[in-house]
There are 2 protein chains.
Amino acid sequence: MTELIDLSEVAGQAGKFDCFLEQVRDRFGFDHVAYLGSNPVAGTMHGYVTYPEEWKRHYTHQAYHLIDPTLRIAQRSIAPIDWSRIEQSDNFRLVFCAAREFGISDRGVTIPVRGPFGDTGMLSVTRDTDEHEWRAMIAHSIGDLQSIAVHMHDAVMNSDAFSNVLRRTPLSSREIEILQWTAAGKTQQDIADILNISHRTVEVHLRSAREKLFSLTTAQAIARAIAQHLIYPI
Amino acid sequence: MTELIDLSEVAGQAGKFDCFLEQVRDRFGFDHVAYLGSNPVAGTMHGYVTYPEEWKRHYTHQAYHLIDPTLRIAQRSIAPIDWSRIEQSDNFRLVFCAAREFGISDRGVTIPVRGPFGDTGMLSVTRDTDEHEWRAMIAHSIGDLQSIAVHMHDAVMNSDAFSNVLRRTPLSSREIEILQWTAAGKTQQDIADILNISHRTVEVHLRSAREKLFSLTTAQAIARAIAQHLIYPI
DNA sequence: TCGCGAGTACGGGATTTCCCGAATATCGGC
DNA sequence: GCCGATATTCGGGAAATCCCGTACTCGCGA
């Protein structure tokens, strides 16, 4: 499965993300703010949290990110998830009871956000308070939190992990045209008929596209062309 | 290619979405509000707009949704896109000059939102005003608009029109495994060697995956599997 | 318990794709 | 003008894919 990486311990500009989360926490008056982003291409997860060091270590050591119901549900949801609406499963009790021992409340919200590559981010905020004040806090800040989640995910995904994927290969218009038709399910002969050329020529353009995309097969070229937004999968 | 469907002309509860957009328009003081959602499983796009009927017809008839740079860029972005930051391409001029003739300003923002199945929604707002007032409007409402975009997309995707269609295509684990290797550039014989089975069997799984994804070729199946986040481009 | 559909597995042969070759056209730079 | 790089065009033959068939297993509902 995926491996949990704490980017704050990695070299570079990572510290600014932790700092950003602390600013969000202080500005909106939460106890803690946490971001967890997953990169399915690399098979990794990147986390930044304001949680105490001990809980961070315990969470990582117990691999809670594999069973945490908060993450599981947010991964399948479009809208923000209030933790009070999560089903009281065994995993729920396991994680939240452990959290309580580290002084972390079970009152919180997790906001999912997604990018175009199946990359997912989750921004969680929590505060130990009563129902009434919690509702007021969330109602007041949910819009900003939504924007913050998007901004955070955008920044993390553009920081390093995805920059190589976003590099675009210069294909000729004919190559893109033929790749697009191929992704649409047309055979080389079909495309030849559509463009009124020989199917041999279609194959040459596909070969050229394969070479430029460093692909061994046309299927791989299609995958890479989609990843680079050179063509559209539909 | 994808076909643009105006759900407000379809039977059912569709009117409530149009009504909702009108409320958003009036509450925040925009000229127009538009939502466009794409369903990669069915390969369709569904739109609700407050634009005048003539522009709607013209846009649909000219199939502008296939070239509209607003949609193209929002489709690959995580964060909201201000139209002023879009590159002045031929398609840009084509669409926006046409829009101006229907009294629609080129000052606007498009907010992308995504679901877990590769479903994408875009909420656009526009208003004919000066730079200063526009910045103030957006700064004031961007958080709420973000929440509204999520809510709108969630509602549309969970409505009757989508709930039966938008379901993760049930591929077997073997099929996904083999699709993933195929997207990684392996031939059927390569995959057979990796999995210690006959290349004939690999082909059967690929054929089965093609049928489930309604694809005529393996390349098309790869494209659709990526669009639905069933596999990842490497 | 008894099909029945789905998943997994394999082979023969037709179809398609892929690798080799080659030619012409276009276009920017010396 | 000339020259090299790239785009576009095409064909022969090898290689891979795709369509047809079969067979076994397993879970699930009649």
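Here is the naming used below: chain letters follow the sequence lines, and residue numbers restart at 1 for every chain. Only this structure's heavy atoms are used, side chains among them; waters, hydrogens and symmetry mates stay out. All values derive from a computational prediction rather than experimental measurement.
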Assign Thr201(A) to base, sugar-phosphate, or nothing according to its heavy-atom contacts below 4.0 angstrom with the strands shown. base
Applying side-chain hydrogen bond (donor to acceptor under 3.5 Å, both in side chains) to Gln220(B) and Thr217(B), what does each step give before you reach the verdict? CA-CA 5 Å; Gln220(B) 187 180 23; Thr217(B) 65; 4.7 Å; no
Separation of dT17(D) C1' from Lys186(A) NZ (nearest whole Å): 19 Å
Euclidean distance, atom CZ of residue Arg200(B) to atom C1' of dA15(D) [Å, nearest integer]: 13 Å
Could you tell me the separation between the CD1 atom of Ile178(A) and the C1' atom of dT8(D), rounded to a whole number of Å? 9 Å
Can you confirm if the NZ or CZ of Arg72(B) lies within 45° of the ring axis of Tyr232(A) and under 6.0 Å from the centre of its six-membered ring? yes
Could you give the CG-to-P distance, from Leu206(A) to dA7(D), as a whole number of Å? 14 Å
Within 6.0 angstrom of Arg135(B) CZ, more than 12 heavy atoms from elsewhere: no
Taking for Gln189(A) and for Val204(A) the nucleotide of DNA chain C with the nearest heavy atom, the one nearer the 5' end belongs to Gln189(A)
Hey, mind stepping through His46(A) and Phe17(A) against ring pair (Phe, Tyr, Trp, His ring centres under 6.0 Å) and telling me if it holds? CA-CA 11 Å; His46(A) 304 253; Phe17(A) 289 128; 9.9 Å; no
Looking at residues 207-220 of chain A, who's got a heavy atom less than 4.0 Å off DNA chain C? Arg207(A), Arg210(A), Thr218(A)
Locate the shortest heavy-atom distance separating Gln146(A) from Pro80(A); write the atom from each residue and the value. OE1-CG, 3.7 Å
Check the pair Arg210(A), Thr218(A) against side-chain hydrogen bond (donor to acceptor under 3.5 Å, both in side chains), reporting the backbone distance first and the verdict last. CA-CA 6 Å; Arg210(A) 281 199 302 272; Thr218(A) 297; 3.1 Å; yes
Return the value, rounded to whole Å, for the distance between atom CD of Glu203(A) and atom C1' of dA16(D). 12 Å
Would you classify Arg174(A) as touching base, sugar-phosphate or nothing, given that sugar-phosphate means primed atoms plus P, OP1 and OP2, and contacts are heavy atoms under 4.0 Å? sugar-phosphate
Counting any heavy atom closer than 4.0 Å, what does Gln188(B) reach on the DNA or RNA strands: base, sugar-phosphate only, or nothing? sugar-phosphate
His205(A) side chain near dT9(D) phosphate (N/O to OP1/OP2, under 4.0 Å): yes
Between which nucleotides of DNA chain C, read 5' to 3', does contact with chain B run, using atoms under 4.0 Å from its heavy atoms? dG7(C) to dG13(C)
Whole angstrom is fine here: how far is it from NE2 in His199(B) over to P in dA15(D)? 14 Å
Tell me, with the steps shown, if Glu203(A) and Arg207(A) meet salt bridge (charged side-chain N to carboxylate O under 4.0 Å, His left out). CA-CA 6 Å; Glu203(A) 196 277 327; Arg207(A) 189 196 319 162; 3.0 Å; yes
Spacing of NE2 belonging to His205(A) relative to OG belonging to Ser173(A), to within rounding of 0.5 Å: 9.0 Å
Using 30° and 60° as the class limits, which term best fits the ring planes of His58(B) and Tyr64(B): parallel, tilted or perpendicular? perpendicular
